[in-house]
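Working notes, structure below.
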2 protein chains.
Amino acid sequence: MSLASDRAKPRATEKPTLYKRIRLDIETRILTGEWPPGHRIPFEHQLMARYRCSRMTVNKALSELAQADLIERRRRAGSFVRRPQHMSAVLKIADIRAEITALGRAYGYQLIDCRRRTATSADRARLGVSTAGKVIAIACRHSADDVPFAVEDRLIDLSTVPEAATADFAREPPGSWLLHHVPWTEAEHTISAVVADARTAKALDIAVGAPCLVIDRYTWRSARTVTAVRLHYPGETHRLVARFKGG
Amino acid sequence: MSLASDRAKPRATEKPTLYKRIRLDIETRILTGEWPPGHRIPFEHQLMARYRCSRMTVNKALSELAQADLIERRRRAGSFVRRPQHMSAVLKIADIRAEITALGRAYGYQLIDCRRRTATSADRARLGVSTAGKVIAIACRHSADDVPFAVEDRLIDLSTVPEAATADFAREPPGSWLLHHVPWTEAEHTISAVVADARTAKALDIAVGAPCLVIDRYTWRSARTVTAVRLHYPGETHRLVARFKGG
DNA sequence: CACGATTATATGTCTAGACATATAAGTCAA
DNA sequence: TTGACTTATATGTCTAGACATATAATCGTG
């Protein structure tokens, strides 16, 4: 994740289509502040005249800007540059194996513990389910170039993902397995900071009391819980990077 | 065939428009897993027949799904459900004052230090600029119901935001001021964990060595640096929550 | 079999219209 | 002044075509 990089999009002499040019023109004016928040964008019929095209073409450009939340369209009134209301950052949380190999480092994986059991009340609370089905509880560690990268503590709900019972988590990390076997999921991430307890410190090879970044991820698929996972990262070496989206 | 004439006219009973219904139908099939990643979506001409509409209508539905990264469109080949490749979570990082008042708590603000100076080499490195202009350096604290919420350490580039020279940061938090005076920005957030040093511990009223969540935000506007800010949150009480977006 | 040329086809973009609908703005009466 | 009614207008959706373009498949040749 390079700093401030995806603005530069080379691609020298390419002829963009008209609606893309219209969209980019408007986007540029907004981003540079030439058209500040609240500013009314020219009406569709004015843009038709300026670009000498049909209304559907300018409509497509404006619709995409509206879908991207850059402008707001109001019937009879016109289209307006949206007022910044909150920063919403897009945080890319990759599969850990993919993340490490993408960095050009050697991925290592150690299964610490894996057991299948009937959900305890603590398990049910953590998964947010009320009935006591079977679950898999996994503890494992990810490393990059043989340096501990993160420890993982996971619970998988077998009533949602029965195929997980046959997976070999000694060989494949559960996150990667799930990513390839559960098609589309929703998730909630909670990020916090703690200091390492003895067990975490040992697994990450850091000092007890050293800071750790903790990510709790709760994943479900159409109202059914898939998995709950807690990841500890060494806080002084690991960083989460979230890219913008002003407004 | 009984629906053959439902096209052009009265039909006031149907609320959602047709293209939205098409989009929702497809989205539902993807999200439930009925159409798994890699599955080819019916061709436009098939959807035209199924929904008895023109190609532009199904095209609009599919284009929006493509813009939302839910499907991938390939010429001659068709449209395909996208394979999950990374979890990208949307992290809402509100203006701190807005965040606290939204929680129904009393917002408090204390300016600790504010000085204007010519950028030192450290300032220039932090802002990512090469020329030595004027900057404002601010340290302040936010509190909720009189409990310390976060400490802020900020640098504002006056060559990008000259108006900031006249702002009264003793009264208004710099984040809020910037949000209302700099129209559209891009930003990069870096999240990490540290343990509190003496100064931070004192400001946050926590113990030295307690975990802190650190957010570094680097903000610019069309290639010009606006501000760089570092926020320390007490890690055991503060949590960042990022909601989903599977795939 | 390998490989380049050709073809078929699904998407990409665009047009010149149409009617629907929400609503800002103006009009008029109480 | 205020509230109810009317009108004008910008966007929302849709059609039935058109040509462009990338590329998967097929075909032909060495």
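Because the structure is a prediction, the values reported are computed rather than measured.
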Answer yes or no: does a side-chain N or O of [X] lie under 4.0 Å from OP1 or OP2 of [N]?
{"X": "B:Thr17", "N": "D:dG12", "result": "no"}
{"X": "B:Arg73", "N": "C:dG12", "result": "yes"}
{"X": "B:Lys20", "N": "D:dT13", "result": "yes"}
{"X": "B:Lys60", "N": "D:dT13", "result": "yes"}
{"X": "B:Ser79", "N": "C:dA10", "result": "no"}
{"X": "B:Ser63", "N": "C:dG12", "result": "no"}

Output the rounded distance in Å from [atom1] ([X]) to [atom2] ([N]).
{"X": "B:Leu65", "N": "C:dT11", "atom1": "CG", "atom2": "P", "value": "13 Å"}
{"X": "B:Arg74", "N": "C:dA8", "atom1": "CZ", "atom2": "P", "value": "22 Å"}
{"X": "B:Arg55", "N": "C:dC14", "atom1": "CZ", "atom2": "P", "value": "13 Å"}
{"X": "A:Arg21", "N": "C:dC14", "atom1": "CZ", "atom2": "C1'", "value": "15 Å"}

Would you kindly check if the NZ (Lys) or CZ (Arg) of A:Arg141 is within the cone defined by 45 degrees around the ring axis of A:Phe149 and under 6.0 Å from the six-membered ring centre?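 Relative to the ring axis of A:Phe149, which defines the angle, A:Arg141 lies outside at least one limit.
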Do A:Arg73's NZ or CZ and the ring of A:Phe80 fall within the cation-pi criteria of under 6.0 Å and 45°?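 Pair A:Arg73/A:Phe80 does not count as cation-pi.
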For B:Ile41 and for B:Arg76, locate the closest nucleotide of DNA chain C by heavy-atom distance; then report the residue assigned to the nucleotide nearer the 5' terminus.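 The residue whose closest nucleotide sits nearer the 5' end is B:Arg76.
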Once the angle between the rings of B:Trp35 and B:His39 is folded into 0 to 90°, is it parallel (under 30°), tilted (30 to 60°) or perpendicular (over 60°)? parallel
What class does the angle between the rings of A:Phe169 and A:Trp177 fall in, given that below 30° is parallel, 30 to 60° is tilted and above 60° is perpendicular? perpendicular
